[in-house]
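Accompanying notes for the structure given below.
Letters A, B, ... are given to chains in the order of the sequence lines, protein chains preceding strands, and every chain is numbered from 1. Any value given below was found using the heavy atoms of this structure, including those in side chains, with hydrogens, waters and symmetry copies removed.
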Protein chains: 2
Amino acid sequence: MNIGAAARASGVSQRMIRHYEEIGLIPSAARRDSGYRDYSAADVHRLRFIANARDLGFAIGEIAKLLALWSDQKRSSGEVRSLALAHAGELGRKAEALAAMRQTLLALAEQCHGDDRPDCPILQRLED
Amino acid sequence: MNIGAAARASGVSQRMIRHYEEIGLIPSAARRDSGYRDYSAADVHRLRFIANARDLGFAIGEIAKLLALWSDQKRSSGEVRSLALAHAGELGRKAEALAAMRQTLLALAEQCHGDDRPDCPILQRLED
DNA sequence: CCTTGACCTTGACATGATGTGAAGGTCCAA
DNA sequence: TTGGACCTTCACATCATGTCAAGGTCAAGG
């Protein structure tokens, strides 16, 4: 399977497939005589795994660990669970940070009459 | 005031002060004969404004608009408010996306016994 | 058989915000 | 005068991703 087909089948763009190969997240693809990369069903499966992990917000380094656990028959599910929980914690922290900014903005916006007059508590807050 | 002092006074790193100058977010700093950048209290004030806006998660482009409104005596507070509300909406969407990922992970982790056995619903979900 | 269009290759540049490091000039106090 | 703290520019790195350019490959149709 060519890279284009693998991209369509896995949901990972051609660009990112080449990138993941370059940074060693996936092994170098097999090559045909022409130089074209050639992907097997197993390769596509691994790419799909990566796409799913990215959709859950895992960074490349974490995905590398997940891939290692995935292909390790002797893995402990506890290890996977720890990774997932650590990442969930990180996501929670980021979400809270964003929500806090949002709250601050909403509170300021509420104090702002929002008409044609120039005085504005939002700008006042920003300059302090 | 040298760039180091301006950085300390404003909370914007020297690196970012130079960067903001380069991309035109702030006007080119005055220069002494030595070539050193020289900052006034007003410059530091503007930098502090930028730092505050960044702390609220505004991107550079939005900050540019906020700065324009800030120095516009004829601005309407409604415009500022719209910007703030639009950004709050964006923050809300991002926070929700992160929270959704987090929920998915927590639900999966709950199904995972998390011991020494290798079977793991988290990995199963990732490979689908 | 040759052309055409779709596909592939590598390499480079861009984003956005920020850090780091190197090589070299400036300033000030002792 | 010298040492250390400060400044200058330039360049490279991050992370994930897009895009563009120049060129090779493949398959189908005239």
Side-chain angles (χ1 to χ4, degrees), chain A residues 1-26 28-40 43-44 46-67 87 90-91 94 97-98 101, chain B residues 1-26 28-40 43-44 46-67 87 90-91 94 97-98 101:
Chain A
M1 195 187 313
N2 281 345
I3 196 173
R8 282 187 294 274
S10 66
V12 179
S13 69
Q14 301 184 22
R15 178 69 178 82
M16 292 316 294
I17 294 177
R18 295 194 184 100
H19 181 60
Y20 291 153
E21 178 178 327
E22 197 179 2
I23 67 177
L25 184 64
I26 55 176
S28 295
R31 298 285 185 144
R32 303 181 181 218
D33 287 352
S34 62
Y36 283 19
R37 288 175 180 79
D38 192 13
Y39 295 89
S40 68
D43 293 332
V44 171
R46 182 165 33 212
L47 287 169
R48 221 158 354 112
F49 183 99
I50 294 173
N52 288 331
R54 282 225 50 81
D55 285 347
L56 285 176
F58 284 100
I60 297 291
E62 296 172 309
I63 295 178
K65 292 182 203 162
L66 288 171
L67 281 170
H87 182 51
E90 193 57 37
L91 289 173
K94 284 183 186 167
L98 294 180
M101 294 182 206
Chain B
M1 194 187 311
N2 281 344
I3 196 173
R8 281 187 294 275
S10 67
V12 178
S13 69
Q14 302 185 20
R15 177 69 179 84
M16 292 316 293
I17 294 177
R18 295 194 183 101
H19 180 61
Y20 292 153
E21 178 178 327
E22 197 179 1
I23 66 177
L25 185 64
I26 55 176
S28 295
R31 299 283 185 145
R32 303 179 181 221
D33 288 352
S34 60
Y36 284 18
R37 289 176 180 79
D38 192 13
Y39 296 89
S40 68
D43 293 332
V44 171
R46 182 165 32 213
L47 287 169
R48 219 156 0 108
F49 183 99
I50 293 172
N52 288 331
R54 281 225 50 80
D55 286 347
L56 285 176
F58 285 99
I60 297 290
E62 296 172 308
I63 296 178
K65 291 182 203 163
L66 288 171
L67 282 169
H87 182 51
E90 193 57 38
L91 289 173
K94 284 183 186 167
L98 295 181
M101 293 182 206

Requested in this report: Summarise protein proximity over nucleotides 3-9 of chain C in one line of letters, 5' to 3': B for base, S for sugar-phosphate only, - for none, counting protein heavy atoms closer than 4.0 Å.
Outcome: ----BSB

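Counting 5' to 3', DNA chain D first comes under 4.0 angstrom of a heavy atom of chain A and last does so at the ends given by dA16(D) to dC26(D).
At a threshold of 4.5 Å between non-hydrogen side-chain atoms, the residues Glu21(A) and Ile17(A) do not count as touching. By the 4.5 Å heavy-atom criterion applied to side chains, Met16(A) and Leu47(A) are not counted as neighbours.
Ala59(B) and Arg54(B) get closest at one heavy-atom pair: CA-NH1, 4.0 Å. Considering all non-hydrogen atoms of both residues, Met1(B) and Ala5(B) come closest at CG-CB, 3.3 Å. Residues Lys94(B) and Leu98(A) approach most closely at CB-CD1, 3.6 Å, considering heavy atoms. The minimum heavy-atom distance linking Asn2(B) with Tyr36(B) is given by the pair OD1-CD2, 3.8 Å. The shortest non-hydrogen separation linking Ser10(A) to Ala51(A) is O-CB, 3.7 Å. For the residue pair Ala53(A) and Leu66(A), the shortest heavy atom distance occurs at CB-CD1, 4.4 Å.
The CZ atom of Arg18(A) sits 11.0 Å away from the CD1 atom of Ile26(A) when rounded to the nearest 0.5 Å. Here the straight-line distance linking atom CZ of Phe49(B) with atom CD1 of Ile63(B) works out to 8.5 Å at 0.5 Å rounding.
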Polar atoms only, N or O, under 3.5 Å: list the protein pairs with nucleotides 17-19 of chain C and their distances.
| unit_1 | atom_1 | unit_2 | atom_2 | d |
| --- | --- | --- | --- | --- |
| dA17(C) | OP1 | Arg54(B) | NH1 | 3.4 |
| dA17(C) | OP1 | Ile60(B) | N | 3.0 |
| dT18(C) | OP2 | Tyr20(B) | OH | 3.1 |
| dT18(C) | O4 | Arg15(B) | NH2 | 3.1 |
| dG19(C) | OP2 | Ser13(B) | OG | 3.3 |
| dG19(C) | N7 | Arg15(B) | NE | 3.2 |
| dG19(C) | O6 | Arg15(B) | NH2 | 3.1 |

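With a 3.5 Å ceiling on both atom-pair distances, the Watson-Crick or G-U wobble partner of dC10(D) is dG21(C).
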